[in-house]
Amino acid sequence: MEEIKVDEKEVLACCGSTQFAKQMAMASPFPSLDHAISIAKDIWFNKVDIIGCLEAFAAHPQIGESPSSHTTSAQWSKGEQSTALATATDAGLQELSDWNARYRQKFGHVFLICSAGRSAAEILGELKNRYSNRPILELEIASQEQMKVTELRLRKLFSTKMKADSARSRYSSVVASKAEKERVGIIGQHLTATSEGFPAKAPQVQARTRPPITTHVLDVSKGCPAAGIEVRLEMWEGSQPHPSFGETDMGRWVLEGSSTTDRDGRSGQLMSIVDALVPGVYRINFNTGKYNPGGFFPYVSIVFEIKETQTLEHFHVPLLLSPFSFSTYRGS
């Protein structure tokens with residue numbers, strides 16, 4: 001497949017953030033859709049600030065309302081909401097509108113959810129459920145939903161472009177003269193014969209632009225990122241392949257790197273930028289006791305295992321911290 005080039009306007013139809021669109025256009029062309037989605041996730045989750053996120057959110061029509069414009073983004077939104085609109089009653093649409101207004105009043109932005117294939121009742125239930133969230137947590141969830149929408153639309157964009165390229169290719173083949181086609185065929189035979197003597201090129205792996213393990217901390221109780229938390233990344237080494245629950249550790253934890261979260265709650269570089277991770281068990285320690293001396297947790301540790309098949313992936317392990325609880329999830 002030929003590399004696919006996208007411009008800023010095309011990307012804006014997928015995600016309304018100008019920061020995101022400019023950086024995607026600069027990273028273009030892409031050798032594959034999967035590569036483009038990987039770059040898109042890196043840009044969205046690591047390089048777009050809060051202003052860019054809110055700009056992207058604002059580009060979406062309210063759930064339950066048909067967009068009035070005829071732009072590509074508006075038409076895609078209409079298609080994504082088709083199931084919701086088809087399953088909604090007049091009373092249901094009114095309730096959805098009322099709850100959308102309440103949501104915007106509390107959070108300051110439109111309720112965002114990847115609505116493709118979801119019924120009106122399902123979306124309304126999710127809206128009511130998320131309404132009780134704290135703003136910082138809801139911003140994180142909305143950001144994840146925006147990436148789902150962006151990925152869906154990138155697939156549509158690439159599909160359209162590939163069909164257009166295929167049509168142009170077929171047209172060129174039809175108009176080419178018989179002599180030209182014969183000439184190309186002869187050259188192709190020579191190239192094929194010549195290439196048989198050379199080994200095939202090894203596939204190129206896209207170089208990383210950031211460490212393969214990252215984290216950030218959100219202080220849910222304050223509704224803001226947690227700055228100044230000491231973070232340590234360690235790897236398990238011992239006679240056992242991994243530490244066992246309830247048993248004395250037969251081994252030790254080896255420090256990979258340490259840092260302190262910045263004003264956005266993101267840690268600095270916890271390890272070297274390597275193409276492939278060493279498979280094994282890792283642990284991220286957060287010095288929450290120093291951050292909040294009167295808090296419930298003197299420190300928080302998160303242990304996770306990276307398999308042989310996952311060494312080329314990126315692992316983002318954010319921490320959502322509140323006075324008497326914490327939670328985490330696997331990010332992009």
Side-chain angles (χ1 to χ4, degrees), residues 6 9-18 20-21 24 33 36-37 40-41 43-45 48 50 52-161 163 320 329-332:
V6 295
K9 182 179 178 181
E10 290 172 326
V11 180
L12 276 173
C14 301
C15 175
S17 166
T18 52
F20 176 82
M24 281 292 287
L33 171 62
I37 290 174
K41 288 181 177 179
I43 293 173
W44 178 249
F45 290 115
V48 175
I50 184 64
C53 288
L54 294 177
E55 184 185 19
F57 297 168
H60 291 275
Q62 181 172 291
I63 296 290
E65 291 184 355
S66 297
S68 55
S69 66
H70 297 284
T71 62
T72 300
S73 178
Q75 294 308 304
W76 280 345
S77 291
K78 185 177 180 180
E80 289 155 7
Q81 293 192 35
S82 60
T83 301
L85 293 174
T87 57
T89 62
D90 290 341
L93 286 175
Q94 183 58 52
E95 187 178 10
L96 193 57
S97 178
D98 293 343
W99 272 93
N100 268 306
R102 292 178 63 182
Y103 180 95
R104 186 186 288 272
Q105 179 80 24
K106 178 178 179 179
F107 297 106
H109 58 80
V110 68
F111 172 69
L112 190 65
I113 187 171
C114 185
S115 58
R118 292 175 180 257
S119 68
E122 184 181 358
I123 291 173
L124 180 60
E126 187 67 19
L127 195 163
K128 291 179 178 179
N129 183 54
R130 283 168 50 184
Y131 181 78
S132 61
N133 289 336
R134 290 181 177 270
I136 191 66
L137 175 58
E138 184 57 24
L139 182 66
E140 187 77 21
I141 294 173
S143 180
Q144 294 282 347
E145 292 297 315
Q146 172 62 60
M147 190 64 243
K148 292 178 185 177
V149 174
T150 301
E151 181 175 345
L152 186 67
R153 294 184 179 185
L154 282 173
R155 292 184 183 279
K156 293 177 182 177
L157 176 62
F158 269 61
S159 177
T160 300
K161 282 184 161 289
K163 288 178 181 176
L320 306 179
Y329 59 91
R330 164 78 189 279
S332 64

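The first residue in the sequence is number 1, and the count goes up from there. Remember, it's a predicted structure, so these values are computed and weren't measured experimentally.
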Take Q146 and C53 through the side-chain contact (heavy atoms from CB on, under 4.5 Å) test and state the conclusion after the steps. CA-CA 9 Å; Q146 172 62 60; C53 288; over 6 Å; no
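- In terms of heavy atoms, C114 sits closest to K148 at CB-CB, 3.9 Å.
- Heavy atoms only, all atoms of each residue included: A36 and M24 are closest at O-CE, 3.8 Å.
- With rounding to the nearest 0.5 Å, the separation of CG in D98 from CG in L93 is 11.0 Å.
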I would like to know whether E122 and T87 meet side-chain contact (heavy atoms from CB on, under 4.5 Å); could you show each step before the answer? CA-CA 10 Å; E122 184 181 358; T87 57; over 6 Å; no
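- Here the NZ-CZ distance, from K128 to R102, works out to 9.0 Å after rounding to the nearest 0.5 Å.
- Note that CD1 of I63 is 11.5 Å distant from CD of E126, once rounded to the nearest 0.5 Å.
- Partners of S143 under the side chain to side chain donor-acceptor pair (under 3.5 Å) rule, at least two apart in sequence or in another chain, are W44.
- From T150, atom OG1 reaches atom CD of E145 across 11.0 Å, with rounding to the nearest 0.5 Å.
- Here the closest non-hydrogen pair linking F20 and A40 is CE1-O, 3.4 Å.
- In terms of heavy atoms, A84 sits closest to I123 at CB-CD1, 3.7 Å.
- Looking at R104 and V110, their side chains come closer than 4.5 Å, going by heavy atoms from C-beta outward.
- Counting heavy-atom neighbours within 6.0 Å of N129 CG, excluding the residue itself, gives a total above 12.
- A side-chain donor-acceptor contact under 3.5 Å links E55 to the backbone of T18.
- Sorted by first and then second residue, the ring pair (Phe, Tyr, Trp, His ring centres under 6.0 Å) pairs involving residues 79-105 (not counting sequence neighbours) are W99-Y131, Y103-F107, Y103-H109, Y103-F111.
- Looking only at atom types and distance, the side chain of S73 has a donor-acceptor partner in the side chain of R153 under 3.5 Å away.
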Could you go through the side-chain contact (heavy atoms from CB on, under 4.5 Å) check for F158 and I37 one step at a time? CA-CA 11 Å; F158 269 61; I37 290 174; over 6 Å; no
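- Residue K156 forms a salt bridge (Lys or Arg N to Asp or Glu O under 4.0 Å) with just one option from E10, E151, E80, and that option is E80.
- Taking CZ from R130 and CG from L137, the interatomic distance works out to 9.0 Å, rounded to the nearest 0.5 Å.
- Between the side chain of K106 and the main chain of P135, no donor-acceptor pair closer than 3.5 Å is present.
- The two residues A116 and L152 have their closest heavy-atom pair at CB-CD2, 3.9 Å.
- The two atoms that bring V11 and A21 nearest to each other are CG1-CA, 3.6 Å, heavy atoms only.
- Counting only N and O atoms by type, the side chains of S77 and Q81 include no donor and acceptor under 3.5 Å apart.
- In this view, S115 satisfies the side chain to side chain donor-acceptor pair (under 3.5 Å) rule with no residue, not counting sequence neighbours.
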